[in-house]
Amino acid sequence: MKRFYTYIVFFSIIVFAHAQSFKASAPEQVEEGENFRVQFVVTDSEPSSFKGPKFDSEGFELLAGPYTSTYSSYQMVNGKTTSSSSTTYTYTLCASKKGTYTVPAATVSAGGKTLTSNTLTIKVVAGSGNNTAGASGRRNRSQQSNDNTQDAGTAISAKDLYVTATASKTHVHEQEAILLTYKVFYTVNLTSLNPDMPDLKGFHVQEVPLPREKQPTQESIGGRTYNTIVWSQYVAFPQQTGKLTIPGVSFDAVVIQRMRNLDPWDAFFNSGSSYTEVKKKIQTQPITITVDALPDKPASFSGAVGKFDIKSELTPEEIKTGEALTLKVTVTGVGNTKLIKTPEVKVPKDFEVYDPKVTENTQITRNGMEGSKTFEYVYVPRNTGKYTIPAVEFCYFDLASNSYKTLMTEQYELNIAKGKNTGASTISSYSKEDVQMFNSDIQFIKLGNVKLKKDDSDFFFGSLGYILYYLIPFIIFGIFLYIFRKQAIANANVAQMRIKKANKMARKRLRTAKKLMLEHKKEEFYDEIMRALYGYVSDKLSIPVAKLNKDNIREKLMGKELESSLIDQVITTLDECEFARFAPVESENSLENFYEKVITLIENVENSMKK
């Protein structure tokens, strides 16, 4: 009897030890600058009071965590029901320095006892140079030195998140460039910020191009350390005088908060995520600009305000009657270049004048609009002789000297020779057909009387073409009727059609995800990837959307006798996709690698289920 009780106690200890376990896992080796995960898994128990390790080693940098996920499964074999469950606590770290480091043990309360995990040893080696995860890690270190994620329900105050609006000048002249800067300050986990830019009446506005991936910097204000980003900049040219108001801009912000005590119903409607999105509306203060009128404008004023220069070029140098002459006038500088009027050129009356061609080569910078504006004039001399094309006058308002300045191009002297088709020296002796156009792809059409030709072809009625014209539609109708009937029979089995078209529908969604990736829309990309994966699994395994969860997915895949490693890969990919929606912005290579990984995963599942 004593031996019997000993066996029972020994067996109970073994079962209890198996039922409750607490293990830590992480890669044994990572590259410098690489992001990686450390996971602590509690099996077959309901844990509480988790206490993670302190990542105070100089080799690691904590980016996010811990975030919690749970897993449970139920199986019935030969009438015997078994169940298992686990809870995983995940940290995201960045390897910041080469060396070998130890991750201390974590503790958790489970089943009335305190469990301690194993320690981990991780070796950080030099980066290979082409590791996309390492590149992402280096970027994340500059973006986030600590976890700014608030707990769900925490109020987002005006000190936690705000946007400032500043103007480079508040007292300017009419048409003088003003740089408007909108800068965001935040201490929360900000994921997106969308401005609602109002119509700036009285201003001509151009947006300054900024990098798509905005890199935050840290600033200390009032004893608090903020992440700051210059979100947008505009160059505004006032078109009116007096006091003009730039209205406040409304921003729609999205902040990520962590749900520590996640309710099962909340988890279901939040796709199992322990994070939630909170929307916040921000309003900037209006800015008042005082605009002075320009002094009395000269008659030759071009409308240009800023700092400019002018030059001209005449081609060809030797010209004959009936040939085209091109005068190029180029204005370069900084200011309201786009609003410059076309300079007036006074040419001899014996020249035929064409409308000038205007070409702009400008870019918006913080100083205003920089670049050049070229005016191309085409003239055709009609008579021989010596002619003068006078200098072109360009008058602008110089902001540095607060006065008008007039620039002049050089004057050109021409000796027009006689052309080939010259019959007389009067203008009326030439027609536009005689003009030889240079540097142009437009020529005059040839004039003449229109001649109509009678069609002597055979009559269409009763011909072979006439018969086929009526017969072919009936043949096409019969073909389509056969195809549609066959397709209708196949579509009658809805479940079978869903399974058959699962791969096709998934690839269609993946093509949409690729377009979003190329447009650098990271959140929409991962949302579409999740729809593709969940949609594929729902169709392939015939799981209704309402019952679609990771437990059902794992159970169905196991029923299809897929390899356990492939099943784990499906579940892990769904977790990675969900986490990536709230992770810091990744590089384009990271998105592309993840996209290829999902395609390969679907192909592997498809091939395994065909066996």
Side-chain angles (χ1 to χ4, degrees), residues 433 440-521 523-548 552-553 556-557 559-560 562 570 573-574 577 591-592 594-611:
E433 289 78 10
S440 175
D441 58 353
I442 301 176
Q443 301 290 335
F444 294 106
I445 62 173
K446 185 176 182 179
L447 302 177
N449 296 327
V450 178
K451 295 182 179 180
L452 300 177
K453 183 179 180 182
K454 185 178 180 180
D455 186 6
D456 296 329
S457 59
D458 295 337
F459 191 59
F460 180 66
F461 180 77
S463 64
L464 178 62
Y466 176 81
I467 298 174
L468 293 177
Y469 183 80
Y470 285 96
L471 184 62
I472 290 176
F474 287 100
I475 297 175
I476 296 176
F477 176 76
I479 294 173
F480 275 104
L481 182 63
Y482 173 76
I483 294 174
F484 289 153
R485 188 171 182 276
K486 186 176 180 181
Q487 187 175 4
I489 295 173
N491 289 338
N493 190 343
V494 178
Q496 189 65 28
M497 285 303 299
R498 286 185 63 191
I499 295 174
K500 185 177 180 181
K501 293 182 178 181
N503 188 31
K504 181 179 179 181
M505 292 299 297
R507 290 190 174 275
K508 183 178 180 180
R509 291 190 177 103
L510 288 173
R511 285 194 294 270
T512 304
K514 187 172 183 180
K515 293 180 180 178
L516 295 171
M517 176 185 70
L518 296 176
E519 295 173 358
H520 308 284
K521 296 180 179 178
E523 291 185 7
E524 291 86 344
F525 167 78
Y526 281 112
D527 285 342
E528 197 63 33
I529 288 289
M530 287 188 68
R531 292 192 189 97
L533 283 174
Y534 275 109
Y536 173 77
V537 173
S538 174
D539 294 340
K540 201 69 179 179
L541 302 179
S542 298
I543 303 176
V545 176
K547 298 182 180 180
L548 192 65
N552 289 344
I553 293 173
K556 286 284 187 177
L557 290 175
K560 296 293 183 179
L562 267 67
V570 173
T573 304
L574 290 172
C577 186
L591 298 181
E592 186 174 353
F594 189 80
Y595 174 80
E596 296 295 337
K597 177 181 177 181
V598 172
I599 291 180
T600 304
L601 175 62
I602 293 178
E603 289 178 352
N604 293 338
V605 173
E606 192 76 15
N607 294 333
S608 299
M609 295 184 69
K610 289 180 180 178
K611 294 180 180 179

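Contact record, Ile529 with Phe594: CG2-CE2, 3.8 Å, taken as the closest heavy-atom pair. Closest heavy-atom contact between Thr573 and Lys597: OG1-CE, 3.9 Å.
With rounding to the nearest 0.5 Å, the separation of NZ in Lys514 from CZ in Phe525 is 10.5 Å. The OG1 atom of Thr512 sits 5.0 Å away from atom CD of Glu528, with the distance rounded to the nearest 0.5 Å. In this structure, NZ on Lys515 lies 10.0 Å from CG on Leu518, to the nearest 0.5 angstrom. Atoms CG and CD1, on Leu468 and Ile472 in that order, are 5.0 Å from each other to the nearest 0.5 Å. Residue Leu510 holds its CG atom at 11.0 Å from OH of Tyr536, rounded to the nearest 0.5 Å. With rounding to the nearest 0.5 Å, the separation of CG in Leu481 from CD1 in Ile476 is 13.5 Å.
By the side chain to side chain donor-acceptor pair (under 3.5 Å) test, Lys508 is found to be paired with no residue, residues two or more places apart in sequence or in another chain being considered. For Tyr470, the ring pair (Phe, Tyr, Trp, His ring centres under 6.0 Å) partners two or more places apart in sequence, or in a different chain, are Tyr466.
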**OP:** Under the side chain to side chain contact (heavy atoms under 4.5 Å, CB included) rule, what do Leu557 and Ile553 come out as? Steps first, then yes or no, please.
**Re:** CA-CA 6 Å; Leu557 290 175; Ile553 293 173; 3.8 Å; yes
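Classification of Arg507 and Glu603 as a salt-bridged pair holds, one side-chain N sitting under 4.0 Å from a carboxylate O.
Side-chain atoms of Leu533 and Val537, non-hydrogen and from C-beta on, never get closer than 4.5 Å to each other.
Of the possible donor and acceptor atoms, none in the side chain of Ser538 sits under 3.5 Å from a partner among the backbone N and O of Tyr534.
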